[in-house]
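A quick write-up on the structure given underneath.
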Amino acid sequence: MAAYEFMVVTPAISNLIRENKTYRVDSAIQTGKKYGMQLLDEHLWKLYSEGKISDHEAVDKSRRPGEMQDKIDAHRRGMQITGEGETKRLEEDDILRS
């Protein structure tokens, strides 16, 4: 199973690279979702949550393994993970509807 990171070279991305601010590219990718951009860890999370890869594979291949492990642990404790990586406790009604 392949996991991908997509980056579209927008003027903002070009500027970050030109100014040697590559440490900010991840943030630009997150805000560039409307252009189809996606971080590797977001795709790994999607594959894990769909049951296509194991937790071990998700953590092993993640660019931020500690954060990925925290998300997996929160998910196992019954916390819902939003697209932005935030968590909220699943209510009984949410669980019954799933």
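Note that this is a predicted model, so its numbers are computed, not measured.
Side chain of D41 to backbone of R63: a donor-acceptor contact under 3.5 angstrom is found.
Judged as a ring pair (Phe, Tyr, Trp, His ring centres under 6.0 Å), and not counting sequence neighbours, Y35 has no contacts. Under the rule for a side-chain hydrogen bond (donor to acceptor under 3.5 Å, both in side chains), the partners of D55 that lie at least two apart in sequence or sit in another chain are R76. Among residues two or more places apart in sequence or in another chain, the side-chain hydrogen bond (donor to acceptor under 3.5 Å, both in side chains) test is passed with R64 by D26. Applying the side-chain hydrogen bond (donor to acceptor under 3.5 Å, both in side chains) rule to E57 yields the partners S54; only residues at least two apart in sequence or on another chain are considered.
Linking ILVMFWY side-chain heavy atoms closer than 4.5 Å, directly or via other members, places L39 and M68 in two distinct hydrophobic clusters. Hydrophobic clustering (side-chain heavy atoms under 4.5 Å, transitive across Ile, Leu, Val, Met, Phe, Trp, Tyr) keeps L40 apart from M7.
Atom CD of E67 and atom NZ of K71 lie 8.5 Å apart (nearest 0.5 Å). Interatomic distance, H56 NE2 to Q69 CD, rounded to the nearest 0.5 Å: 10.5 Å. Rounded to the nearest 0.5 Å, atoms CE (M1) and CG (L47) are 6.0 Å apart. Atom CE of M37 and atom CD of E5 lie 11.0 Å apart (nearest 0.5 Å). Distance check, rounded to the nearest 0.5 Å: CD1 of I13 to NZ of K21 gives 13.5 Å.
V9 belongs to no hydrophobic cluster, as no Ile, Leu, Val, Met, Phe, Trp or Tyr side chain comes under 4.5 Å of its own.
No side-chain heavy atom of I72 sits under 4.5 Å from any side-chain heavy atom of H75.
Scanning both residues, L16 and A28, for their nearest heavy atoms gives CD1-CB, 3.8 Å.
Sorted by first and then second residue, the ring pair (Phe, Tyr, Trp, His ring centres under 6.0 Å) pairs with a member in residues 5-24 read Y4-F6; sequence neighbours excluded.
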